[in-house]
Enquirer: 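Structure incoming, see below.
Each residue takes its place number in the sequence, starting with 1.
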Amino acid sequence: MHTLNTKLINLFVIVIAFILLSSCAYYEKYIYIPYKKSVAVNQPEVGAVHIAVLSVSPWDKYSEKLQPEFEMTPDKALAEVLPTTKLIDEKMLS
């Protein structure tokens with residue numbers, strides 16, 4: 001019985017040693033070689049790239065340019081909307 005336990009322990013040690021040694025094997029795919037040209041095959045190999053443009057300048061310089069500049073009076077708005085409304089009403093009623 002003692003020899004069976006010793007054989008199992010030896011087998012276990014050999015299996016563990018094999019696993020440890022095989023995990024240290026050289027895989028060129030996972031090692032970065034700077035002089036070797038690499039080509040990505042799919043998106044996970046390429047990675048993600050995010051670009052953001054951040055412009056820092058005084059707000060006063062641009063706030064005037066961002067204000068709306070148009071003249072719209074109630075009479076002008078009514079004159080511009082009436083033809084469109086009339087056309088839609090005619091299409092709905094016919």
Enquirer: If you round to the nearest 0.5 Å, how far is CG of L93 from CD1 of I88?
Expert: 11.5 Å
Enquirer: Might you confirm whether atom CD of E80 has over 12 heavy atoms from other residues, nucleotides or ligands at distances under 6.0 Å?
Expert: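 More than 12 heavy atoms, drawn from other residues, nucleotides or ligands, come within 6.0 Å of this atom.
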Enquirer: Going from CZ on F70 to NZ on K76, what distance comes out if it is rounded to the nearest 0.5 angstrom?
Expert: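 Reported value, rounded in 0.5 Å steps: 10.0 Å.
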Enquirer: Looking at NZ of K91 and NZ of K86, how far apart are the two atoms once the value is rounded to the nearest 0.5 Å?
Expert: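 If I round to the nearest 0.5 Å, the distance is 13.5 Å.
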Enquirer: When rounded to the nearest 0.5 angstrom, what distance separates CG in L87 from CG in L82?
Expert: 12.5 Å
Enquirer: Counting only heavy atoms not in M92, do more than 12 sit closer than 6.0 Å to its CE atom?
Expert: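 Atom CE in M92 is not crowded, with 12 or fewer foreign heavy atoms closer than 6.0 Å.
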Enquirer: First locate atom CD1 of I14, then atom CD1 of I9, and finally report the distance between them rounded to the nearest 0.5 Å.
Expert: 12.0 Å
